[in-house]
Amino acid sequence: MDTEQLYETYRPLLFSLAYRMLGSVMDAEDIVQDAFLAMNQLPSDANIRNVKAYLCKIVTNRCLNLLQSSAKQREVYVGTWLPEPLVQLEDVSLDPSEIYQLRETISTAYLMLLQQLSAVERAVFLLREIFQYPYDEIANMVGKSSFNCRQIFHRAKKGIRHEPPDIATSTVTETQVRQFIQSVIAGDANRLLQLLSPDAVHYTDGGGKAPAAQHPVVGATRVIPFYMQWMDWFGRPDSHYSYIITTVNRSPGIVMMISGRVAYVYSFEGSDSRIQSIYAVANPDKLKYLEEVVR
């Protein structure tokens, strides 16, 4: 298989692994590109018995290196940290996991749960639980013994508080998302009370670079006034906003533009047919890749 064929065959898998590891679309794309460049630079007589495992090893190790180098930055992150939203617009697919479907482990909630794990725990957990690699191959990828990988996996599984199926069943429909944004714009607090779970939580990731709630807003009776105030600001005569209802992390979500610039991306989780969690990414560093696509 030449490099182009390898890219077409394995890119969805590698992106899926890197994005789950990092929670960043741009970093995942860079690491996947780097993996294929490294593959392309191997001597012609290189003997690689399992190309898929070899590429996964390159991606895993580059992810581990990046996570370790950025660990200190994460420690001083301003406000709530949310993963970079994975957006699929109507005519442009930015979500390779649509092709490579491995459970519903791409949701914002699940990616946040993975943050409870150390970098190595996350790698071992994903390679075993999601990608079903045997411990011997995982050991080769992460530079640990098979026994150690088995122990790391069981420790990680205890550390991550929920199983994927629990999250996969907590979905929000496009109709609910549409009604939510319409109710916010209309200032219809009664309708919002019907749409939101009583213990709904709103999270905003501004990273200290955009207006954002520094802490989660907990409870429908606090979330609703928060959005009423938010809409008062957007309703000013000099405010020019628009929005698109689209797919964000495999669920219906919202991309909001202000004066033609992507300002917020929302994703939602549900419980008992109501919206349970709202995730709003406003950090401009996490929205850069969307600017060209939305235009």
Side-chain angles (χ1 to χ4, degrees), residues 1-42 46-67 83-89 92-115 117 119-144 146 149 152-153 156-157 160 163-165 167-168 247-251 289:
M1 226 185 281
D2 61 25
T3 304
E4 187 174 344
Q5 288 176 306
L6 287 173
Y7 185 82
E8 292 297 325
T9 301
Y10 294 119
R11 179 186 175 275
L13 162 68
L14 298 175
F15 179 91
S16 189
L17 171 60
Y19 179 64
R20 286 171 171 88
M21 280 284 295
L22 303 171
S24 169
V25 175
M26 292 183 288
D27 287 339
E29 291 282 11
D30 288 345
I31 281 177
V32 171
Q33 294 285 347
D34 192 37
F36 283 105
L37 285 173
M39 187 81 180
N40 198 39
Q41 290 168 0
L42 289 172
N47 183 20
I48 300 174
R49 295 181 179 180
N50 188 329
V51 172
K52 177 181 171 183
Y54 182 79
L55 286 167
C56 282
K57 179 179 180 178
I58 295 175
V59 167
T60 299
N61 280 280
R62 279 166 171 65
C63 286
L64 289 172
N65 290 339
L66 182 59
L67 286 169
E84 197 170 292
L86 189 58
V87 176
Q88 178 185 328
L89 296 173
V92 179
S93 175
L94 294 177
D95 186 354
S97 65
E98 289 291 324
I99 304 167
Y100 197 86
Q101 295 183 22
L102 292 168
R103 298 192 182 184
E104 295 293 336
T105 55
I106 209 77
S107 71
T108 302
Y110 192 73
L111 293 172
M112 289 177 71
L113 286 176
L114 289 174
Q115 298 302 310
L117 306 177
V120 173
E121 285 175 338
R122 201 179 311 166
V124 171
F125 180 81
L126 287 169
L127 290 167
R128 180 64 180 171
E129 179 79 358
I130 310 303
F131 297 92
Q132 301 293 303
Y133 272 103
Y135 287 112
D136 288 346
E137 290 191 39
I138 296 172
N140 181 51
M141 291 181 197
V142 300
K144 305 281 184 182
S146 179
C149 287
I152 290 169
F153 173 74
K157 194 157 187 175
I160 194 165
E163 294 293 323
I167 294 172
T247 300
V248 181
N249 289 75
R250 296 187 60 80
S251 296
Y289 82 99

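Just the heavy atoms: all of them, side chains too, but no hydrogens, waters or symmetry mates, feed the values below. Since this is a predicted model, take the numbers as computed values, not measurements.
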Main chain of [Y], side chain of [X]: is a donor-acceptor contact present, judged purely on distance under 3.5 Å?
{"X": "Asn249", "Y": "Leu86", "answer": "yes"}
{"X": "Thr247", "Y": "Arg250", "answer": "no"}
{"X": "Tyr19", "Y": "Glu84", "answer": "yes"}
{"X": "Arg20", "Y": "Ser16", "answer": "yes"}
{"X": "Glu121", "Y": "Ile152", "answer": "no"}

| Any side-chain heavy atom of Lys144 sitting closer than 4.5 Å to one from Val124? |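 Side chain of Lys144 against side chain of Val124, heavy atoms only: no contact under 4.5 Å found.
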
| query | Any side-chain heavy atom of Thr108 sitting closer than 4.5 Å to one from Pro85? | reply |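 With C-beta onward as the side chain, the pair stays apart.
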
Rounded at 0.5 Å granularity, tell me how far [atom1] in [X] sits from [atom2] in [Y].
{"X": "Thr9", "Y": "Gln5", "atom1": "OG1", "atom2": "CD", "result": "7.0 Å"}
{"X": "Leu17", "Y": "Phe131", "atom1": "CG", "atom2": "CZ", "result": "4.5 Å"}
{"X": "Ile138", "Y": "Gln132", "atom1": "CD1", "atom2": "CD", "result": "9.0 Å"}
{"X": "Met21", "Y": "Leu66", "atom1": "CE", "atom2": "CG", "result": "9.5 Å"}
{"X": "Ile130", "Y": "Leu114", "atom1": "CD1", "atom2": "CG", "result": "7.5 Å"}
{"X": "Asp136", "Y": "Asn140", "atom1": "CG", "atom2": "CG", "result": "9.5 Å"}

| query | What are the two closest non-hydrogen atoms of Tyr289 and Val87, and how far apart are they? | reply |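 In terms of heavy atoms, the two residues are closest at OH-N, 3.3 Å.
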
| task | Of all the heavy-atom pairs spanning Ala28 and Ala18, show the shortest one and how long it is. | result |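 That would be CB-CB, 3.7 Å.
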
Result block: side-chain N/O donor-acceptor pairs under 3.5 angstrom for residues 54-63, not counting sequence neighbours:
| from | atom 1 | to | atom 2 | distance (Å) |
| --- | --- | --- | --- | --- |
| Thr60 | OG1 | Cys56 | O | 2.7 |
| Asn61 | ND2 | Lys57 | O | 2.8 |
| Asn61 | ND2 | Met141 | O | 2.7 |
| Arg62 | NE | Asp34 | OD2 | 2.4 |

| Residues Gln115, Leu111; criterion side-chain contact (heavy atoms from CB on, under 4.5 Å); working and verdict | CA-CA 7 Å; Gln115 298 302 310; Leu111 293 172; 5.7 Å; no

| field | Tyr133: ring pair (Phe, Tyr, Trp, His ring centres under 6.0 Å) partners, not counting sequence neighbours | value |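 Here no residue qualifies.
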
| task | Could you list the residues that satisfy ring pair (Phe, Tyr, Trp, His ring centres under 6.0 Å) with Phe153, not counting sequence neighbours? | result |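 Applying ring pair (Phe, Tyr, Trp, His ring centres under 6.0 Å) to Phe153 gives Phe125.
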
| task | Evaluate side-chain contact (heavy atoms from CB on, under 4.5 Å) for Ile31 paired with Phe15, printing each intermediate quantity in order. | result | CA-CA 8 Å; Ile31 281 177; Phe15 179 91; over 6 Å; no

| request: For the pair Glu29 and Arg11, find out whether any cationic side-chain nitrogen is under 4.0 Å from an anionic carboxylate oxygen. | output: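 Counted as a salt bridge, because a side-chain N and a carboxylate O are separated by less than 4.0 Å.
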
| task | Walk me through it: do Tyr7 and Gln33 pass the test side-chain hydrogen bond (donor to acceptor under 3.5 Å, both in side chains)? | result | CA-CA 9 Å; Tyr7 185 82; Gln33 294 285 347; 3.1 Å; yes

